[in-house]
Amino acid sequence: MTGDRLLLRIVRYGGGWVVLLAAATLAGTAAALLLPAALGRTVDAVLAGAGAGDWLAACAVLVAVAAAADVVGDLAAGATGARATEALRHRLIRHVLCLHPRAVPGFPAGDLVTRVVGQVPEAGQAGIAAVQVITAGLPSLGSLVALTVIDPWLGLTFVAGLVLLAVLLRAFVTDASTVAAHYQGVQGRIGSRLIEALGGARTIAAAGTVEHEIARVLAPLPVLRGHGLRTWQILARAAAQTSGTAPLLQVAVVAVGGLSLAAGRLTPGELFAALQYAAFGGGLGGVLAALNQLTRARAGSRRIAEVLAAPVREYGASHLAPGPGRLQFRGVTVHRARGAALRGVDLDIPGGTAVAVVGRSGAGKSTLAAVAGRLIDPDEGHVRLDGVPLATLRRDELRAAIGYAFERPVLIGDTIAEALTLGHGAREARAVAGAAAIGSFVDHLPERYLTPLADAPMSGGEAQRLGLARALHADRLLILDDATSSLDTATEHQVSAALFGNDRRTRIVVAHRASTAARADQVVWLDQGSVRAIGPHQRLWADPAYRALFQEQS
């Protein structure tokens, strides 16, 4: 989706409020256009000695309509922006969370945060900006018609000035759009560096490189400042040009109107109205502000459209039949920039089996674990769970069948219970906490499972156990990617006893300890993306190269 197409959709997000805003703006503009004519008639009536009461009443009504239109317009503008921003932010976040894994590296976390927090509100003003830009020309057009009706020479004079103003505004729109896009892009780069720095704050503090990291995060700041100055320079130049042209236009109308008055073609009241129309239609400050808002909304929508154009993960419609959790890899190959992470892997893991995956760093262990649970899709080959290709499964069935636990889990939710169950409740949380040896930790918290996650200080091992407990909700396949690395020996033994004991699910464990591999039913030994050997730990232990794996990791 292109930025301009998205911009039109954002306008529609405003719903009926956009229509109300347009109606209020039109009503206010109509009242403002009629007011000079009514005032002119009032002047002529007073000079002629006739009664001017009716015209004064008409002027009062027009002023009241204009004031009411301003109030309603402000309300509608606020509601339009809020509705559009909410809808766009929901859509963008939903898309980001569903991005295809291969599209994720193209959008650093800080850049995405900048787009969601910064560019979405700017793009959400598209409906307001569109109404303002469309209606901003009505005062000039209406003034032109009114001046032409009063005196065709006044109309011709006004047209010449408007042509000049249009040329100046066209240059402003082109320059402002380019600078706004560059400005928002630099904001994204600073946001990305800041998120990276926050993620490694402890390491930065320990290394004593705080000042260096501050300099790195803020390195694009001079470029940002340059784009910001350029924006204000463009605005100032356009304002100066329009502010200089508008008075000249009014002087020209005064001169022509004065000649027409002297020639008897105009009455004093009509000349007064003509001066009002010249000031009203020639003052394009509102047009300039509307165009500036539209250019920023357009730049923001283009940045958002870039994310929305990225591919998302697709799911099928297949269902899982009852089964033990048999996992099959057939010719699975995963390419990386530096070569293949997996090369033609063929595996057949019986249901209910506990399998340890071992290998040197970079052998493809985490990639195999990611493919097994469809966190990523293989470039070649396929993976089946109980005979059904993972790529064809429904999203809900896939996630209900497979549970993941990571070395550094990201805990999501407001409370401990929600972090453990992804929102299912405290009762389900207690059921999985015991197997992950985290129950005693939760019981000592102020509100136990209802304790806010932010108020529960925890060590790396306790966070790992919470992530592990969360994975235990899966009913068919558990995948543990170095998920017990931060546990002490006693806790690791307790967790391993639960995982490798009476659990009937299929379990794939990325292992770095010989003790973990020894508890597994089978060991898959990876070497440079290929399966080097499969067998029980006791049999593989006879190979010196296998023993060397654990000695290196120790």
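Model, not experiment: these values are computed from the prediction. Just so you know, these numbers use all the heavy atoms, side chains as well, and skip hydrogens, waters and symmetry mates.
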Worked check of side-chain contact (heavy atoms from CB on, under 4.5 Å) between R302 and Q119: CA-CA 9 Å; R302 287 181 174 178; Q119 272 87 69; over 6 Å; no
side-chain contact (heavy atoms from CB on, under 4.5 Å) between V186 and R189, intermediate numbers included: CA-CA 5 Å; V186 177; R189 290 201 295 275; 3.1 Å; yes
Steps toward side-chain contact (heavy atoms from CB on, under 4.5 Å) verdict (R395, C98): CA-CA 11 Å; R395 182 204 302 264; C98 295; 4.0 Å; yes
Worked check of side-chain contact (heavy atoms from CB on, under 4.5 Å) between V388 and H319: CA-CA 8 Å; V388 182; H319 296 272; over 6 Å; no
Worked check of side chain to side chain donor-acceptor pair (under 3.5 Å) between R91 and Y13: CA-CA 11 Å; R91 181 181 177 188; Y13 284 161; 3.2 Å; yes
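Going from atom CD1 of I190 over to atom OG1 of T114 covers 8.5 Å, rounded to the nearest 0.5 Å. Of the inter-residue distances, the one linking I508 atom CD1 with L368 atom CG reads 6.5 Å to the nearest 0.5 angstrom. With values rounded to the nearest 0.5 angstrom, R12 atom CZ is found 10.5 Å from L7 atom CG. Rounding to the nearest 0.5 Å places CG of L375 at 7.0 Å from CD1 of I479. The CD atom of E306 lies 10.0 Å from the CD1 atom of I304; values are rounded to the nearest 0.5 Å. Note that CG of L385 and CG of L398 are 8.0 Å apart. Values are rounded to the nearest 0.5 Å.
Under a 4.0 Å N-O distance rule, the pair R193/E213 does not qualify as a salt bridge. A salt bridge does not link E86 with R89: every distance from a Lys NZ or Arg NE/NH1/NH2 to an Asp or Glu carboxylate oxygen is 4.0 Å or more. Salt-bridge formation is not detected for the pair D396/R399: no Lys NZ or Arg NE/NH1/NH2 atom is positioned less than 4.0 Å from an Asp or Glu carboxylate oxygen.
Between L6 and L88 the shortest side-chain heavy-atom distance falls below 4.5 Å. No side-chain heavy atom of I128 sits under 4.5 Å from any side-chain heavy atom of V18. Looking only at side-chain heavy atoms (C-beta outward), L75 and L21 stay at 4.5 Å or farther from each other. Side-chain contact between H100 and V312 is absent, with no heavy-atom pair separated by less than 4.5 Å. The shortest side-chain heavy-atom distance between L8 and R5 does not fall under the 4.5 Å cut-off. Within the 4.5 Å cutoff, the side chain of T25 has no heavy atoms near those of the Q132 side chain. In this structure the side chain of P452 reaches within 4.5 angstrom of the side chain of E447, judged on heavy atoms. The closest side-chain heavy-atom distance from V510 to L480 is not below 4.5 Å.
Nearest heavy atoms, A79 versus W17: CB-CD2, 3.3 Å. Among all heavy-atom pairs drawn from L320 and A401, the shortest one is CD1-CB, 3.6 Å. The minimum heavy-atom distance linking T85 with V120 is given by the pair O-CG1, 3.7 Å. When all heavy atoms are compared, the tightest approach of V371 to Y404 is N-OH, 4.4 Å. Minimum heavy-atom separation, G403 to A474: N-CB, 3.0 Å. Pairing each heavy atom of R336 with each of I376, the nearest pair is NH2-CD1, 3.6 Å.
In terms of modelled atom types and a separation under 3.5 Å, the side chain of S301 and the main chain of R298 share a donor-acceptor contact. In this structure a side-chain-to-backbone donor-acceptor pair under 3.5 Å is present from R115 to R303. No donor-acceptor pair under 3.5 Å is formed between the side chain of H95 and the backbone N or O of H90. Formation of a donor-acceptor pair under 3.5 Å by the S318 side chain with backbone atoms of T392 is found in this model.
Heavy atoms of other residues, nucleotides or ligands lying less than 6.0 angstrom from CZ of R225 number 12 at most. Other residues, nucleotides and ligands place no more than 12 heavy atoms under 6.0 Å from the NE2 atom of H212.
Side-chain N/O atoms of D379 and T333 include no donor and acceptor closer than 3.5 Å.
A cation-pi arrangement, defined by a distance under 6.0 Å to the six-membered ring centre and an angle within 45 degrees of its axis, is present between R374 and Y315.
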